[in-house]
Undergrad: 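Here's a structure for you.
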Amino acid sequence: MKNCCDHKLDQTQAGEVLANFGLNRTKTKISILVVLSHSKAPLSVVEIHKSLKNKCDISTIFRNMAQFKEKNMIHEVNLGEDFSRFELALNDRKNEAHHHHVRCRECSTISLIEKCDLDLFEKMISKLGFKEMEHSLEFTGICSKCS
Ligand SMILES: [Zn+2]
Ligand SMILES: [Zn+2]
Ligand SMILES: [Zn+2]
């Protein structure tokens with residue numbers, strides 16, 4: 001199945017990504033990028049914190065995520081919970097990795113929707129004179145196990 005991120009980063013590659021974006025190669029930053037790049041679904045800060053081998057203060061992760069967001073390295077995804085989730089957005093400009101998600105309201109399982117079929121909207125919006133459109137659209141429902 002498709003992952004949220006097309007690049008599975010190892011520690012070295014994550015360090016290179018940080019350098020490319022002009023960020024310090026700290027152990028925590030590297031670990032966060034590695035974890036995000038291997039995730040099948042967008043992760044909350046708490047989930048990222050749990051999956052880090054080197055334990056650090058959760059406030060460090062919040063701070064690092066804010067830096068990643070400022071550099072447009074990650075996407076914030078809202079799936080109708082009282083917290084945000086994040087996924088890597090490193091190859092987003094080319095739109096190769098563009099996808100949507102659906103979260104089960106009972107068990108919180110998240111599935112990827114690989115195909116995006118919003119041409120009709122893009123056509124209408126381009127008639128309004130807009131270019132370089134971006135969109136986010138997320139779904140919730142009840143999965144087959146829970147229904
Ligand atoms: Zn995703
Ligand atoms: Zn479910
Ligand atoms: Zn889309």
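For the numbers below, each heavy atom of this structure counts, side chains included, while hydrogens, waters and symmetry mates do not. Just so you know, ligand 1 is whichever comes first in the structure, and atom 1 is the first atom listed for that ligand.
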Undergrad: In this structure, are over 12 heavy atoms from other groups packed under 6.0 Å from Glu81 atom CD?
TA: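 Yes, enclosed.
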Undergrad: Working to 10°, measure the angle at the Zn ion (ligand 3) formed by atom SG of Cys116 and atom NE2 of His100.
TA: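 The two atoms form an angle at the metal of about 110°.
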Undergrad: Is it true that a side-chain atom of Asn24 and a backbone atom of Thr26 form a donor plus acceptor pair closer than 3.5 Å?
TA: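 Such a contact is absent between Asn24 side chain and Thr26 backbone.
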Undergrad: Would you check if the side chain of Ser37 reaches a backbone N or O of Lys8 as a donor-acceptor pair within less than 3.5 Å?
TA: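 Flag not set: sc Ser37 to bb Lys8 has no pair under 3.5 Å.
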Undergrad: Mind checking whether the Zn ion (ligand 1) has an N, O or S of His99 under 2.8 Å?
TA: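 Checking His99: at least one N, O or S atom is under 2.8 Å.
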Undergrad: What's the NE2-the Zn ion (ligand 3)-NE2 angle here (His98, His135), rounded to 10 degrees?
TA: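 Result: 100°, to 10°.
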Undergrad: Side-chain donor-acceptor pair under 3.5 Å between Glu87 and His99, yes or no?
TA: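 Side chains of Glu87 and His99: pair found under 3.5 Å.
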Undergrad: Do the side-chain N and O atoms of Lys29 and Gln67 include a donor-acceptor pair separated by under 3.5 angstrom?
TA: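 Result is yes, a qualifying pair exists.
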Undergrad: Please name the atom of His101, limited to N, O or S, that comes nearest to the Zn ion (ligand 1).
TA: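 This residue's closest N, O or S atom turns out to be NE2.
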Undergrad: Restricting to under 2.8 Å, identify the protein N, O or S atoms around the Zn ion (ligand 2) as residue plus atom.
TA: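 Only Cys104 SG, Cys107 SG, Cys143 SG, Cys146 SG fall inside 2.8 Å of the Zn ion (ligand 2).
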Undergrad: Please verify the inter-ring angle class for His100 with His135; under 30° counts as parallel, over 60° as perpendicular, anything in between as tilted.
TA: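 Parallel: the ring planes of His100 and His135 meet at under 30°.
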Undergrad: Restricting to N, O or S atoms, which atom of Glu87 is closest to the Zn ion (ligand 1)?
TA: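 When I compare the N, O and S atoms of Glu87, OE1 is nearest to the Zn ion (ligand 1).
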Undergrad: Would you say the side-chain atoms of Arg103 and Thr109 include a donor-acceptor pair closer than 3.5 Å?
TA: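 The answer is no; no qualifying pair exists.
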Undergrad: Which pairs pass salt bridge (charged side-chain N to carboxylate O under 4.0 Å, His left out) with one or both residues in residues 45-66, sequence neighbours excluded?
TA: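 Those involving residues 45-66 are Glu47-Arg85.
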